[in-house]
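Structure first, then comments.
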Amino acid sequence: MNDLITMDDLTNEEIIKLLDDAKKMLPAAKGDVYLPLLQGKVLANMFFENSTRTRMSFETAMKRLGGRVLNFTSAGSSVAKGETLYDTMQMIDGYSDVAVIRHPRQGAAQYSADAVKIPILNAGDGAGNHPTQTLLDLFTIREEHNDFENLNIMLVGDLRYGRTAHSLSHALARFNVNLTLVSPEALKMPKEIVDDLLSLGCNVIETDELNENIKHSDVIYMTRIQKERFPDEDEYAKVSGIYKISESNLVGSKENMIIMHPLPRVSEIHPSVDSTKYARYFQQAFNGIPTRMALLCKSLGIDIEKEVS
Ligand code: NCD
């Protein structure tokens, strides 16, 4: 099966192989070498919801590997005429070799995968999952810390609606990290996900306190409060801007602690952090290219290990 809908679609061995493959892709990701492994292949970028990094890094990854990209956005398409997701995906099945889909409805990626023959890569389904973001998050953590075992990782912010936190926590729990989940009561990680993390043997602490946990952390993963998922504006107003990190909060942090964020940030990380040694969020965004290169190759049956020495 070449779909990627949730991190459960990958074994731990497959995850590690993708991260190793991504590392091999770095020169091609930077454009230092041209590696046309996907020449003649077409990727359909199906974005029914806004995106900057995910869409563009998939496009760069495909193009740097010699492939081509069809870009779909729901504005300007026949969705406005009432075309269903099922019918739209039937077209894409015929027009491309692999499709990336982002959709506001949870479950839309699985639904698409069930409807077509080509591989489907979930680039975010509502408040559900975002597994390709998780791959680049894991790559970023591994580049810094080499291994995941026993790392203290703090996930901060909107853990209720934040799909990046859902997918990432699932994956990290499988690699024996300690997770501190920091959120206000109203935005706690869904209970079924916490139960999964615990059943995987992960140490999980749930708290609403950010500052006292900073000095123990190896990774601080900040997230945006997902305004667009709130049923009520007033509820958003109560929690907006609740967690903010600035340079002064970082005094006493571990030497090799890193601060990550899937971006876009709103007010979670003050620009004063950007020039500190802790900031990794822009590097993290770049890491979307090598990891998505590795994933596209896997989905299209190209073994990077054989192709690149
Ligand atoms: C995230 C998303 O779309 O879930 N963005 C991304 O893909 N880098 C995070 C967010 O929108 O807050």
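First listed ligand is number 1; within each ligand, the first listed atom is number 1.
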Does the side chain of R224 reach to within under 4.5 Å of the side chain of E268, using non-hydrogen atoms?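 The answer is yes; the side chains approach within 4.5 Å.
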Pairing donors with acceptors under 3.5 angstrom, does anything connect the side chains of R292 and T132?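 Yes - a donor-acceptor pair under 3.5 Å links their side chains.
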Does any N/O atom on Q133 come nearer than 3.5 Å to any N/O atom on ligand 1?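 Indeed, backbone or side chain, Q133 has an N or O that close.
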For H130, is at least one N or O under 3.5 Å away from an N or O on ligand 1?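 There is such a contact, yes.
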Please determine whether side-chain hydrogen bond (donor to acceptor under 3.5 Å, both in side chains) holds for the pair N213 and E209, giving the CA-CA distance in whole Å, both sets of side-chain angles, and the decisive distance to 0.1 Å. CA-CA 7 Å; N213 289 301; E209 171 53 44; 5.8 Å; no
Check the angle between the aromatic planes of H103 and F48 and answer parallel, tilted or perpendicular using the 30° and 60° thresholds.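 H103 vs F48 ring planes: tilted.
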Measure up the F148 and F175 rings against each other and bin them: parallel (under 30°), tilted (30 to 60°), perpendicular (over 60°).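 Tilted.
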Just to confirm my output: which protein heavy-atom neighbour is closest to atom 8 (N) of ligand 1, and how far is it?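 Here the nearest protein heavy atom works out to P262 O, 2.9 Å.
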Just to confirm my output: which protein heavy-atom neighbour is closest to atom 4 (O) of ligand 1, and how far is it?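 Here the closest protein heavy atom is R163 NE, 2.8 Å.
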Could you establish whether E49 and ligand 1 come within less than 4.0 Å of each other, counting only heavy atoms on the residue side?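 False for this residue.
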Salt-bridge criterion met for E49 and R229 (N-O under 4.0 Å):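 A salt bridge links E49 with R229.
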Per-atom contacts of ligand 1 with T54, taking only distances under 4.0 Å to non-hydrogen atoms: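 Heavy-atom distances to T54 below 4.0 Å select 6 (C), 7 (O).
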Just going by heavy-atom distances, which of L263, T223, D137 is nearest to atom 9 (C) of ligand 1?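 It is L263 that holds the nearest heavy atom.
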